[in-house]
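Starting from 1, each residue takes its place in the sequence as its number.
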Amino acid sequence: MRPHREQHLVARIGWLRAAVLGANDGIVSTASLILGVAASGAERPALLVAGVAGLVAGAMSMAAGEYVSVSSQSDTERADLAREREELATTPEAEQRELTEIYIARGVDAATAKAVAVAEQMMAHNALEAHARDELHITEMTTARPVVAAFTSAATFTAGAALPLLLAALLPMRWMAAGEAAGSILFLALLGALGAITGGAKPLKPVVRVVFWGALAMALTAGIGRVVGTSV
């Protein structure tokens with residue numbers, strides 16, 4: 001009989017979140033920046049300078065932001081694990097009772113949970129791992145990885161920002177605003193669909209979500225660029 005192996009898509013959640021966030025931010029922020037500058041009446045060189053500057057600054061900002069925020073999560077996880085390790089060393093009986101109560105709350109009957117069949121065996125196998133998983137909800141799939149998050153966000157931001165920047169370099173100036181907006185919205189729709197499919201979800205809602213907020217950001221920035229451009 002062949003072993004039954006399941007590959008759950010939730011295992012992708014760590015890098016997928018950072019990838020979708022980075023690519024989405026790259027498209028929206030760069031396209032919005034280019035549209036805002038274009039709406040002010042600037043020529044192509046100014047659009048390209050603004051786009052490249054936005055790409056570099058955004059990629060570094062995403063990398064730094066992800067690293068700092070995920071490092072904070074990692075610090076919290078390490079502190080909780082250190083506290084749990086100390087409690088296991090000093091009050092193992094209390095920790096076993098705590099684990100027993102967790103299993104009872106999850107539906108295991110009290111007699112089974114208190115017997116060697118559950119809590120005591122889990123403690124004997126790997127007490128820290130059992131408490132990390134069942135008490136702190138820290139697992140291999142959810143543990144914080146600051147470096148991975150930083151590089152993923154920076155790389156995907158760069159890839160996303162390169163798309164509207166390419167449009168700014170290739171589109172005729174008379175079509176710049178409409179072409180940049182339409183192309184960037186198409187890129188956002190494709191990103192939403194790809195992220196949903198990769199995560200095993202239906203694509204309609206993610207596509208509508210990213211397109212709506214992306215289009216709103218571009219419209220607001222273009223409006224500000226037009227107002228500032230005509231008043232200067």
Side-chain angles (χ1 to χ4, degrees), residues 7-33 52-92 94-95 98-99 101-103 105-106 122-123 125-163 188 191-192 194-201 205-206 209-210 212-214 216-217 220-221:
Q7 184 176 4
H8 294 289
L9 298 178
V10 72
R12 303 174 180 175
I13 195 168
W15 64 263
L16 182 60
R17 181 199 63 82
V20 171
L21 175 63
N24 182 83
D25 198 15
I27 295 172
V28 172
S29 61
T30 307
S32 298
L33 184 60
V52 171
L55 185 155
V56 175
M60 293 304 298
S61 176
M62 287 293 294
E66 282 287 332
Y67 184 81
V68 170
S69 64
V70 179
S71 291
S72 296
Q73 177 187 340
S74 181
D75 292 342
T76 302
E77 290 176 352
R78 284 198 297 268
D80 277 343
L81 288 173
R83 187 180 303 112
E84 200 66 37
R85 190 179 290 109
E86 181 181 354
E87 290 173 353
L88 285 168
T90 56
T91 57
E95 289 300 297
E98 187 176 39
L99 199 61
E101 291 169 1
I102 290 172
Y103 293 143
R106 291 184 178 181
M122 295 297 289
M123 293 278 287
H125 174 67
N126 191 323
L128 183 61
E129 181 183 291
H131 280 271
R133 180 184 60 248
D134 296 322
E135 181 182 352
L136 304 177
H137 308 294
I138 299 174
T139 67
E140 180 65 24
M141 288 190 294
T142 62
T143 189
R145 295 180 177 86
V147 175
V148 173
F151 276 108
T152 300
S153 293
T156 53
F157 182 98
T158 301
L163 299 174
L188 286 172
L191 173 65
L194 180 61
I197 293 170
T198 304
K205 285 186 177 180
R209 189 164 55 230
V210 298
F212 172 78
W213 289 109
L216 180 62
L220 290 173
T221 310

Enquirer: For the residue pair Ala217 and Thr221, what are the closest heavy atoms and their distance?
Expert: O-OG1, 2.8 Å

Enquirer: May I ask you to decide if Ala57's main-chain N or O and Ser61's side chain share a donor-acceptor pair within less than 3.5 Å?
Expert: no

Enquirer: Looking at every non-hydrogen atom in both residues, tell me the closest pair between Val210 and Gly192 and how far apart they are.
Expert: CG2-CA, 4.0 Å

Enquirer: Under 3.5 Å, side-chain donor or acceptor atoms of residues 154-163 against the rest of the protein: list the pairs with distances, not counting sequence neighbours.
Expert:
unit_1, atom_1, unit_2, atom_2, d
Thr156, OG1, Ala19, O, 3.3
Thr156, OG1, Thr152, O, 2.7
Thr156, OG1, Ser153, O, 3.3
Thr158, OG1, Ala154, O, 2.8

